[in-house]
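To start, the structure itself, in structure tokens.
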There are 2 protein chains.
Amino acid sequence: MKETLNENAQAVLNVMRASHSHMTATEIYEAVREKRSRIGIASVYRILHNLVEQGYVKELWHADECCRYDAHVERHDHAICTVCGVLLDIPIEVKVPQGVLQAAAEAAGIELSSHELRLYGRCPLCNTNKEQTAQIK
Amino acid sequence: MKETLNENAQAVLNVMRASHSHMTATEIYEAVREKRSRIGIASVYRILHNLVEQGYVKELWHADECCRYDAHVERHDHAICTVCGVLLDIPIEVKVPQGVLQAAAEAAGIELSSHELRLYGRCPLCNTNKEQTAQIK
DNA sequence: ATGGGTGCAAATCCTTTGCATCTGC
DNA sequence: GCAGATGCAAAGGATTTGCACCCAT
């Protein structure tokens with residue numbers, strides 16, 4: 001494992017940090033190509049794996065979508081829209097009581113190291129468009 | 001949407017209920033084939049989609065694995081092993097205070113309908129095998 | 001000259017789709 | 001005979017891999 005990022009890796013990370021959304025590998029590839037036009041998609045995947053391994057970004061697997069990547073690596077929670085499927089970050093620190101987490105971890109038999117809360121419901125946009133047809137996959 | 005399951009669909013559901021693990025489509029296909037040897041994998045996928053739509057089973061997307069299906073549809077929480085990646089059900093009802101959920105939902109702007117807690121840590125098996133090499137993907 | 005990183009193309013894997021057939025009514 | 005369900009094979013899409021090449025050491 002190395003500590004320094006080369007130019008391509010730095011470009012990938014910059015793109016991800018500049019965007020505040022959860023990008024797919026293809027979106028990242030296209031954005032990076034504007035700066036470094038010779039990069040290939042395979043390199044983007046290789047770089048993303050390295051960045052995940054080194055803790056710079058996290059993978060978000062969700063529904064039947066392809067993998068999205070998140071440069072926001074601090075612990076945080078997510079909300080998932082039951083209508084359009086979008087996955088949103090919850091912008092506040094949510095405090096689940098430590099005792100609740102511990103009891104659950106013990107019940108599952110795991111040695112707790114982190115956690116994530118996922119909420120399901122209508123996102124603001126789908127809530128507004130209630131009357132209109134659902135726009136899902 | 002219909003209410004009755006035909007023979008193939010019933011066979012798929014039986015297999016899933018008999019297994020207490022989270023099966024992949026291929027595993028389900030192989031198990032169903034023991035009873036109904038002429039079924040094809042495409043039908044298994046079609047049936048699984050119907051079962052999801054009708055609420056008999058749920059999809060579990062997780063890491064870079066293929067989709068797994070769960071016949072355990074009541075709300076429950078999960079624990080994910082940071083070493084081997086296994087996703088386990090938490091066998092107790094975990095009570096996250098309603099106020100915490102509401103505050104988080106409001107922060108995200110969603111109309112809360114359900115939630116799931118995900119814990120991360122070493123599973124019992126990986127905890128036992130601590131000294132040994134990690135056995136990941 | 002050596003090793004790591006690269007682009008390209010081909011391969012791989014899971015899942016979906018097209019289509020002709022079969023089934024029950 | 002019709003509508004829905006089926007098996008098979010082919011297509012599709014995201015991701016990975018093989019390989020030759022290039023560059024800095």
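Here the structure is a predicted model, which means the values were calculated and not measured. Residue numbers begin at 1 in each chain, while the letters A, B, ... track the order of the sequences.
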Check nucleotides 7-14 of chain D against the protein and report each pair of N or O atoms closer than 3.5 Å, with its distance, or say if there are none.
| residue | atom | partner | partner atom | Å |
| --- | --- | --- | --- | --- |
| D:dG7 | OP1 | B:R38 | O | 2.6 |
| D:dG7 | OP1 | B:I39 | N | 2.9 |
| D:dG7 | OP2 | B:G40 | N | 2.9 |
| D:dG7 | OP2 | B:S43 | OG | 2.4 |
| D:dG7 | O5' | B:R38 | O | 3.2 |
| D:dG7 | N7 | B:R46 | NH2 | 2.8 |
| D:dG7 | O6 | B:R46 | NH2 | 3.4 |

Taking atom P of D:dA5 as reference, at what distance in whole Å does atom CG of B:N50 sit? 7 Å
Between atom CD in B:E65 and atom P in C:dT15, what is the gap in whole Å? 10 Å
Separation of A:M23 atom CE from D:dT15 atom P, in whole Å? 14 Å
Just how far, in rounded Å, is P of C:dT17 from CD1 of B:I47? 16 Å
Expressed in angstrom and rounded to an integer, what is the separation of B:R68 atom CZ from C:dC13 atom C1'? 15 Å
Is the phosphate of C:dT15 approached by B:H49 (side-chain N or O, under 4.0 Å from OP1 or OP2)? no
So, using salt bridge (charged side-chain N to carboxylate O under 4.0 Å, His left out) as the criterion, who are the partners of A:E93 when residues are at least two apart? A:R75
Calculate the interatomic distance between A:E7 atom CD and D:dC23 atom P; express it in whole Å. 13 Å
Output, in order, the C-alpha distance, side-chain angles, deciding distance and verdict of side-chain contact (heavy atoms from CB on, under 4.5 Å) for B:L60 and B:H78. CA-CA 11 Å; B:L60 296 176; B:H78 290 113; 3.9 Å; yes
Partner set under side chain to side chain donor-acceptor pair (under 3.5 Å) for B:Y120, not counting sequence neighbours: A:E116
For C:dT6, does either OP1 or OP2 sit under 4.0 Å from a side-chain N or O belonging to A:N6? yes
Does A:H72 have any ring pair (Phe, Tyr, Trp, His ring centres under 6.0 Å) partners at least two apart in sequence or in another chain, and if so, which? A:H76
B:L88: hydrophobic cluster co-members (side-chain, 4.5 Å): A:V86, A:L88, A:I90, A:I92, A:V94, A:V96, A:V100, A:L101, A:I110, A:L112, A:L117, A:L119, B:V86, B:I90, B:I92, B:V94, B:V96, B:V100, B:L101, B:I110, B:L112, B:L117, B:L119
From CG of B:L48 over to P of D:dT6, roughly how many Å is that when rounded to an integer? 12 Å
Taking salt bridge (charged side-chain N to carboxylate O under 4.0 Å, His left out) as the test, write out the residues that go with B:E7, two or more places apart. B:R36
